[in-house]
Amino acid sequence: MRKLVSFCLLFFLLSCHIKNIDSDFSKPVKIVRFMGVDSYSSNINPQIFWSQNDEHMYLFMNKAAFLSEIESYKELPKSTLQEYIYAFITAKRDTIYSDYNLKSWILIRNKREKYYYDEQGKTAEFLKRTYPFFRECSYMPNK
């Protein structure tokens, strides 16, 4: 009987610990891609990006270390972002913007902006290799 109680207690404690570890991985990053880039003559800024909901495509990515990965890159004094093409929204409601090259990043946390640059393109390579969502797509009509 004593072994049964010990086993149940151990099982309960382990399941709680595993649930806490797993909770970080169960909070996906919401990714918004702006699809209407060719519809605008000017660069896409945050106001255009968020005002055109019908131009959005969504993906949810389970990558708990995404934010810390971006923060590990070289911080810049100003943005090198060309256009706002992607928005990554974390479980903590931080927003990270990137453009087509996925090397320039703007992290917005508590209304403050930080700028990062991935010189080696590690994140871009991972995202494009793992998710077709990030690959360039073009439409070639039949002639």
Legend entry - Test item: E55 side-chain N/O and F34 main-chain N/O as donor-acceptor pair under 3.5 Å: no
Inset, instruction - Would you give the length of the straight line joining atom CD of E71 to atom CG of L107, rounded to the nearest 0.5 angstrom? - result: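 One gets 5.5 Å once the value is rounded to the nearest 0.5 Å.
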Legend entry - Residues forming a side chain to side chain donor-acceptor pair (under 3.5 Å) with Y97, sequence neighbours excluded: W50
Inset, instruction - Work out which heavy atom in D118 is nearest to a heavy atom in A124; give both atom names and the distance. - result: OD2-N, 4.2 Å
Inset, instruction - State the CE-CD1 distance between M35 and I85, to the nearest 0.5 angstrom. - result: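 Those atoms lie 9.5 Å apart.
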Inset, instruction - Can you measure from CZ (F88) to CD1 (I70) and round to the nearest 0.5 angstrom? - result: 7.0 Å
Inset, instruction - Kindly compute the distance separating CZ (F133) from CE (M61), expressed to the nearest 0.5 Å. - result: 10.0 Å
Inset, instruction - Please identify each residue that fulfils side-chain contact (heavy atoms from CB on, under 4.5 Å) with K74, with sequence neighbours left out. - result: L76, E119
Legend entry - Residues in salt bridge (Lys or Arg N to Asp or Glu O under 4.0 Å) contact with E75, at least two apart in sequence or another chain: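 Salt bridge (Lys or Arg N to Asp or Glu O under 4.0 Å) check on E75 returns nothing, list empty.
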Inset, instruction - Nearest 0.5 Å please: distance from the OG1 atom of T90 over to the CD1 atom of I96. - result: 6.0 Å
Legend entry - Straight-line distance of T123 OG1 to L102 CG, nearest 0.5 Å: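 CG of L102 is found 8.5 Å from OG1 of T123.
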Inset, instruction - Would you indicate whether D54, at its atom CG, is surrounded by more than 12 heavy atoms from other residues, nucleotides or ligands within a distance under 6.0 Å? - result: yes
Inset, instruction - Can you see which heavy atom on R93 is nearest to which on I89, and at what distance? - result: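 So the two residues come closest at NH1-CG2, 3.9 Å.
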Legend entry - Heavy-atom pair of closest approach, residues Y131 and N62: OH-N, 4.5 Å
Inset, instruction - Can you tell me which residue pairs pass the salt bridge (Lys or Arg N to Asp or Glu O under 4.0 Å) test with a partner in residues 94-107, sequence neighbours excluded? - result: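 Applying salt bridge (Lys or Arg N to Asp or Glu O under 4.0 Å) to every pair that reaches into residues 94-107, excluding sequence neighbours, yields D94-R109.
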Inset, instruction - Could you list the residues that satisfy side chain to side chain donor-acceptor pair (under 3.5 Å) with Q82, not counting sequence neighbours? - result: none
Legend entry - Shared hydrophobic cluster for L59 and M57 (ILVMFWY, side-chain gaps under 4.5 Å): yes
Inset, instruction - Taking side-chain contact (heavy atoms from CB on, under 4.5 Å) as the test, write out the residues that go with Q47, two or more places apart. - result: N45
Legend entry - Any residue meeting salt bridge (Lys or Arg N to Asp or Glu O under 4.0 Å) with K92, in chain and number order, not counting sequence neighbours: none
Legend entry - ring pair (Phe, Tyr, Trp, His ring centres under 6.0 Å) against Y73, all qualifying residues, sequence neighbours excluded: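 Partners of Y73 by the ring pair (Phe, Tyr, Trp, His ring centres under 6.0 Å) criterion come out as none, since no residue qualifies.
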Legend entry - Backbone N/O of I48 and side chain of S51: donor-acceptor pair under 3.5 Å: yes
Inset, instruction - Could you pull out the closest heavy-atom pair between H56 and F49, with the gap in Å? - result: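 Nearest pair, atom of H56 first, then F49: NE2-O, 2.6 Å.
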Inset, instruction - Please list, chain by chain and in numerical order, all residues satisfying side chain to side chain donor-acceptor pair (under 3.5 Å) with S104, sequence neighbours excluded. - result: T80
Inset, instruction - Not counting sequence neighbours, which residues clear salt bridge (Lys or Arg N to Asp or Glu O under 4.0 Å) with R129? List them please. - result: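 Checked R129 against salt bridge (Lys or Arg N to Asp or Glu O under 4.0 Å); matches are E125.
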Inset, instruction - Please state whether the rings of W105 and F66 are parallel, tilted or perpendicular, taking 30° and 60° as the class boundaries. - result: perpendicular
Inset, instruction - Mind checking side chain to side chain donor-acceptor pair (under 3.5 Å) for Y115 and listing every partner two or more places apart, or none if nothing turns up? - result: E113
Legend entry - Heavy-atom neighbours of K128 NZ exceed 12 at 6.0 Å: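 For K128, atom NZ is crowded (more than 12 foreign heavy atoms under 6.0 Å).
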